Structures are given as structure tokens and as C-alpha cells.
Amino acid sequence: NASFGLNGTPVAPAFNNTSTGILTNAGAFIVTMPGIALNNSGVVSVNDGTLRLSATTFTNFGTIQIAAGKALDLLNTTTNLNGNTSITGSGILSLSGGTTNIQFLVQIPSGVTVNFSSGVIQGVNTMRFLNASTLNWSGGELKGLAKTEINSGAILNISGTVGLRESHWIENNGTINWNSAGSIVY
């Protein structure tokens with residue numbers, strides 16, 4: 001139910017996973033898609049190993065499922081988390097470089113760990129970490145008219161030099177562990 005084709009002007013490759021499509025990473029290996037846009041309205045399911053999207057654009061209107069011990073690695077990627085984005089499972093979401101745009105409420109469920117080491121998370125809405133979820137923030141910037149919310153039972157670990165800019169704010173109702181090597185610049 002997914003299609004691969006040419007899309008846009010100038011002609012650029014794209015992988016379109018439709019609302020009834022399921023894109024599954026089933027293998028103990030890393031899948032890379034440099035320069036190929038991934039548009040998801042269905043389900044992207046990381047069941048084994050790591051699904052790495054590198055130097056591309058990932059636009060999501062669907063579900064992202066990450067199994068325990070598995071990872072979705074967004075490396076130098078422009079990521080657009082739009083309406084109906086749902087993140088499920090208990091794996092790892094790594095943001096390393098690139099820009100992640102939060103246009104609608106995005107909830108990080110129990111068991112999911114987000115490793116944010118470089119790049120930018122920005123937007124006009126809330127990224128909410130629910131009970132037993134974790135944000136490991138070692139680099140990069142949170143910016144824009146958005147909010148990062150650490151709910152009761154959730155954890156924010158700050159361990160590097162990080163940026164908090166352009167009216168972005170952190171609302172803490174959980175636990176923040178601020179490592180002695182961590183600093184926030186604004």
C-alpha cells in the first residue's frame with residue numbers, strides 16, 4: 001500500500017505511505033533513505049533494528065510505532081509532525097541534526113525515550129512527555145512559540161550545552177536531572 005515515485009518540481013523522489021499502508025522495518029539492520037522524502041499517513045513500524053532517515057524530509061500525519069529496544073533515527077532530517085501524529089511503542093526516537101516542526105500536539109507515551117543531541121525542535125504547539133517517558137537533551141535548540149511539557153512521572157535529562165530560544169518554554173510537572181556539564185543558553 002505504499003508507493004515510490006517521483007514527486008514535486010524539480011523532480012524529486014518520494015515514498016508515500018498512504019492511510020491504509022504499513023511500512024515495516026523488519027530486520028536487524030539500518031535502512032537509510034538519503035534524499036528521499038517519506039510522507040506517512042498510515043503506519044511506520046520499527047519492529048527490529050533501526051530505521052534511519054538521513055538528509056531527507058519526513059512528513060507525518062499517521063502513526064509511528066517503535067518497538068522496545070528498537071530505534072527511529074532522524075539524522076539531519078526535516079521532520080514535520082502534523083495533525084493525527086501518534087507515537088506508540090516503547091522504543092527510542094533519536095533527533096540528530098535537522099529540524100523537527102511541531103505543528104500540532106505531539107504526545108510521547110510511556111516507555112518511549114527521545115534522544116535529542118543536535119538540531120532544532122520548533123513549532124507552535126506542545127510536545128508532551130507522558131508518565132514514564134524520557135527526554136535526553138544533550139544538544140540542539142528548542143525554539144518558537146511552543147512548549148515542552150514534562151508530565152508527572154516523565155523525566156528530562158540535560159547533559160550538554162542546549163538552547164532555549166524564541167519564547168519556547170519548558171513546563172515541568174515531572175523530574176528534571178541537570179548534569180553538572182549541562183547548560184542552557186538563550
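Not measured: the values here are computed from a predicted model.
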(request) Would you give the length of the straight line joining atom OG1 of Thr57 to atom CD1 of Ile36, rounded to the nearest 0.5 angstrom? (result) 11.5 Å
(message) The criterion is side chain to side chain contact (heavy atoms under 4.5 Å, CB included); which residues satisfy it with Ala154, sequence neighbours excluded?
(response) Phe129, Ser133, Ile150
(request) Keeping to residues at least two apart or across chains, list the salt bridge (charged side-chain N to carboxylate O under 4.0 Å, His left out) pairs with something in residues 83-109. (result) none
(request) Kindly compute the distance separating CG (Leu95) from CG (Asn76), expressed to the nearest 0.5 Å. (result) 11.5 Å
(request) Quick one: closest heavy-atom pair of Gly123 and Gln103, and the distance? (result) CA-OE1, 4.0 Å
Acceptor/donor pairs from residues 113-122 side chains to any protein atom, 3.5 angstrom cut, sequence neighbours excluded:
| from | atom 1 | to | atom 2 | distance (Å) |
| --- | --- | --- | --- | --- |
| Asn115 | OD1 | Asn136 | ND2 | 2.9 |
| Ser117 | OG | Ser96 | OG | 3.4 |
| Ser118 | OG | Gly97 | N | 2.8 |
| Gln122 | NE2 | Asn101 | OD1 | 2.9 |

(request) Among residues two or more places apart or on two chains, list those pairs meeting salt bridge (charged side-chain N to carboxylate O under 4.0 Å, His left out) that have a residue in residues 105-124. (result) none
(message) Just to verify, what does Lys147 make a salt bridge (Lys or Arg N to Asp or Glu O under 4.0 Å) with, not counting sequence neighbours?
(response) Glu149, Glu171
(message) Are the side chains of Leu38 and Leu23 in contact, using a 4.5 Å heavy-atom criterion?
(response) yes
For residues 176-186, run the donor-acceptor check on the side chains, cut-off 3.5 Å, and write out each pair with its distance to 0.1 Å, sequence neighbours left out.
| from | atom 1 | to | atom 2 | distance (Å) |
| --- | --- | --- | --- | --- |
| Asn177 | ND2 | Asn157 | OD1 | 2.9 |
| Trp178 | NE1 | Gly182 | O | 2.9 |
| Asn179 | OD1 | Ala181 | N | 2.7 |
| Ser183 | OG | Thr161 | OG1 | 3.3 |

(request) Taking the side chain as every heavy atom from C-beta outward, state whether Ile170 and Leu142 have any atom pair closer than 4.5 Å. (result) yes
Solution key, residues 84-92 side-chain donor-acceptor pairs under 3.5 Å, sequence neighbours excluded:
| from | atom 1 | to | atom 2 | distance (Å) |
| --- | --- | --- | --- | --- |
| Thr85 | OG1 | Asn60 | O | 3.2 |
| Thr85 | OG1 | Asn60 | ND2 | 3.1 |
| Thr85 | OG1 | Asn82 | N | 3.3 |
| Thr85 | OG1 | Asn82 | O | 2.7 |

(request) Output all residues satisfying side-chain hydrogen bond (donor to acceptor under 3.5 Å, both in side chains) with Gln107, sequence neighbours left out; order by chain, then residue number. (result) Arg128
(request) Please report the shortest heavy-atom distance between Leu81 and Ile102, naming the atom on each side. (result) CD1-CD1, 3.8 Å
(message) Within this structure, what is the CG-CG distance for the pair Asn151 and Leu130, rounded to the nearest 0.5 Å?
(response) 5.5 Å
(message) Which residue in the set Ile64, Leu72, Leu135, Thr100 passes side-chain contact (heavy atoms from CB on, under 4.5 Å) when paired with Leu93?
(response) Leu72
(request) Return the set of residues passing side-chain hydrogen bond (donor to acceptor under 3.5 Å, both in side chains) with Ser94 (not counting sequence neighbours), or none when no residue passes. (result) none
(message) With rounding to the nearest 0.5 angstrom, report the NE2 to CD distance, His168 to Glu141.
(response) 11.0 Å
(message) If we ignore hydrogens and angles and just use 3.5 Å, is the side chain of Thr77 paired with the main-chain N or O of Leu75 as donor and acceptor?
(response) yes
(message) Before you tell me yes or no, could you show the steps for Asn125 and Val106 under side chain to side chain contact (heavy atoms under 4.5 Å, CB included), namely the whole-Å CA-CA distance, both residues' side-chain angles and the distance that decides it to 0.1 Å?
(response) CA-CA 8 Å; Asn125 216 304; Val106 174; over 6 Å; no
(request) Please report the shortest heavy-atom distance between Asn40 and Asn17, naming the atom on each side. (result) OD1-ND2, 2.8 Å
(message) Let me check something: do Ile158 and Leu164 share a hydrophobic cluster, defined by ILVMFWY side-chain heavy atoms less than 4.5 Å apart, either directly or through other members?
(response) yes
(request) Output every pair passing salt bridge (charged side-chain N to carboxylate O under 4.0 Å, His left out) with a member in residues 53-82, not counting sequence neighbours, ordered by first then second residue. (result) Asp48-Lys70, Arg52-Asp73
(message) Considering only residues two or more places apart or on different chains, which pairs with a residue in residues 32-46 satisfy salt bridge (charged side-chain N to carboxylate O under 4.0 Å, His left out)?
(response) none
(request) Identify, with sequence neighbours excluded, every residue that meets side-chain hydrogen bond (donor to acceptor under 3.5 Å, both in side chains) alongside Thr78. (result) none
